[in-house]
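Proteins come first, then strands; the chains are lettered A, B, ... in the order of their sequence lines, and each starts at number 1. Only this structure's heavy atoms are used, side chains among them; waters, hydrogens and symmetry mates stay out. All values derive from a computational prediction rather than experimental measurement.
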Protein chains: 2
Amino acid sequence: MTKIDLDQAQAQILHIFNSIYPMSEALEKSIRQHSKLTTFNKKAHLLQFNEVNKSIYFILQGCVRTYYLNDDGEEHTSWLLTEGELAISVYSFYSQQKSFEAIEALEDCVTLELTHTALSHLYQHHLEFNVIGRYLTEQYYIESESKANALRMLSAKERYHELILRKPQILRRVPLGYIASYLGITQSTLSRIRAKI
Amino acid sequence: MTKIDLDQAQAQILHIFNSIYPMSEALEKSIRQHSKLTTFNKKAHLLQFNEVNKSIYFILQGCVRTYYLNDDGEEHTSWLLTEGELAISVYSFYSQQKSFEAIEALEDCVTLELTHTALSHLYQHHLEFNVIGRYLTEQYYIESESKANALRMLSAKERYHELILRKPQILRRVPLGYIASYLGITQSTLSRIRAKI
DNA sequence: ATATCCTTTTGACAAAAGGCAAAAAATATA
DNA sequence: TATATTTTTTGCCTTTTGTCAAAAGGATAT
């Protein structure tokens with residue numbers, strides 16, 4: 001695992017934020033003060049079921065999944081996230097209620113962590129940061145809609161091929177069982193889809 | 001159709017906004033200046049395919065659906081929205097690109113309209129308004145996620161019963177064909193689900 | 001009231017996807 | 001390298017959902 005430097009990681013995320021909306025020195029400083037590197041070993045949980053999701057994790061290295069358990073105890077993967085993406089359990093983080101969803105590292109991970117408390121502080125004391133928060137939420141919302149629409153209007157095969165087009169790296173990094181679940185199908189069905197090219 | 005008064009409608013939306021984050025007099029005034037009543041007859045389109053979604057509509061009365069066309073020309077309903085909800089085509093409105101989605105009135109509708117230009121102006125000149133925009137986006141994002149998860153982990157029958165629980169009014173107002181589509185199934189399947197109680 | 005239009009249900013059959021278990025392949029571990 | 005472990009594929013059979021077309025039911029307008 002490549003060594004990751006806090007300063008450099010913070011510079012990276014500040015650059016992303018600044019390209020959305022220019023931040024004041026004070027805001028940048030506050031973000032630096034409130035964020036820290038957090039690592040997770042493969043299979044470790046960033047968030048457990050029934051826990052409140054208290055932090056957002058910007059993935060610097062590695063890959064995570066968020067997943068649900070249905071009434072029969074079956075797992076259903078809802079997001080597969082890699083470098084440059086934000087890992088949260090949407091409902092729990094925004095509402096600060098107990099989570100029905102868990103977040104698990106699928107590889108050893110290095111993240112930049114920002115607590116909900118810190119984020120609220122930033123939003124409150126630097127109103128301009130809300131522009132950035134709003135923008136990022138809009139982007140993830142667009143992606144969430146797009147996933148829901150794919151599940152509604154595409155067949156399993158089409159959803160798989162769309163994923164190959166949009167996120168080919170994921171296929172190489174994530175076990176097919178999780179990918180099948182993310183696509184809303186069983187692993188055997190995915191395997192059969194792959195077999196027929 | 002009940003007569004709707006602009007002042008009163010604006011008071012209603014200002015009240016919602018204020019309960020999210022207290023607004024300045026100036027912001028309230030600007031929102032009043034930039035919003036207007038817009039009505040749509042049943043079957044009229046709030047947004048056509050390939051058009052840029054230039055306005056957000058707060059539904060005061062009536063019911064709308066947003067829908068996609070797939071490659072075979074079949075319609076797929078993505079949202080069913082009623083009083084108190086915001087009608088937009090998520091991708092097109094936020095990105096201001098041409099829409100793959102259309103918005104249609106399922107009943108005669110009265111809405112409070114706010115253009116994207118006006119909204120940008122509000123965001124730019126009243127930073128606090130971004131708090132409200134961020135919050136609302138978060139809420140719709142949560143719902144979008146919840147829909148995607150239902151499509152992934154619930155059977156058609158379970159999705160139908162969940163909808164009955166969460167939005168029983170919708171069932172009484174919207175033709176079953178649209179509801180089936182919203183649930184990601186065909187109308188015949190929905191009819192069979194209903195037949196078996 | 002009757003004709004028209006739109007919505008909903010139903011029937012017969014087809015296709016898609018799931019369940020379960022075993023086999024095969026790929027990876028990790030000693 | 002051999003062994004254990006995990007991941008992926010496959011076979012067989014069931015269930016769910018889709019397709020297409022026709023029938024039934026409701027609402028609306030003249």
Rounded to the nearest Å, what distance is computed from the CD atom of residue A:Glu107 to the P atom of nucleotide D:dT7? 13 Å
Sorted by number, residues from residues 162-182 of chain B placing a heavy atom under 4.0 Å from DNA chain D are none
Output for pair (A:Cys63 SG, A:Asp108 CG), nearest 0.5 Å, gives 11.5 Å
Nucleotide C:dA17, atom P - distance to CZ of B:Arg152 in whole Å: 16 Å
From the options C:dT10, C:dA17, D:dT10, select the nucleotide whose nearest atom is closest to the side chain of A:Ala156. C:dA17
Checking ring-ring contact (aromatic ring centres under 6.0 Å, His included) against B:Phe100, which of B:Tyr68, B:Tyr67, B:Tyr91 comes through? B:Tyr91
Under-4.0 Å side-chain N/O to phosphate OP1/OP2 contact, B:Arg194 with C:dT9: yes
Before accepting this row, confirm whether a basic side-chain N of the pair A:Lys167/A:Glu143 lies closer than 4.0 Å to the acidic partner's carboxylate O. yes
note: B:Leu154, atom CG; C:dA17, atom P; distance rounded to Å ~ 18 Å
Using atom CG of B:Leu151 as one end and atom P of C:dA17 as the other, report the distance to the nearest whole Å. 14 Å
State which of D:dT17, D:dT10, C:dT10 makes the closest approach to the side chain of B:Ser188. C:dT10
Which of these nucleotides, C:dG19, C:dT10, C:dA17, is closest to any side-chain atom of A:Arg192? C:dG19
Of all the nucleotides listed (D:dC12, D:dT9, C:dA12), which has the minimum atom distance to the side chain of A:Ser191? D:dT9
When you compare the side chains of B:Glu145 and A:Trp79, does any donor N or O come within less than 3.5 Å of an acceptor on the partner? yes
What is the distance, rounded to the nearest whole Å, between atom CD of A:Glu158 and atom P of D:dG18? 13 Å
Think B:Arg65 forms a cation-pi with B:Tyr182, using NZ or CZ under 6.0 Å from the six-ring centre and within 45 degrees of its axis? no
Centre of A:Tyr123's six-membered ring, under 6.0 Å away, within 45 degrees of the axis: is that where NZ or CZ of B:Arg134 sits? yes
If I take atom NZ in residue A:Lys196 and atom P in nucleotide D:dT10, what distance separates them, rounded to the nearest angstrom? 11 Å
Rounded to whole Å, the CG-P distance (B:Leu190 to C:dT7) equals 14 Å
Integer-rounded Å distance: C:dT9 P and B:Gln187 CD: 8 Å
Presence of B:Thr189 side-chain N/O under 4.0 Å of D:dT17 phosphate oxygens OP1/OP2: no
Counting the atoms with a prime plus P, OP1 and OP2 as sugar-phosphate, which does A:Thr186 contact under 4.0 Å by heavy atoms, base, sugar-phosphate, or nothing? sugar-phosphate
Should the ring pair A:His34 and A:His121 be called parallel, tilted or perpendicular, given that the plane angle runs from 0 to 90° and is split at 30 and 60? tilted
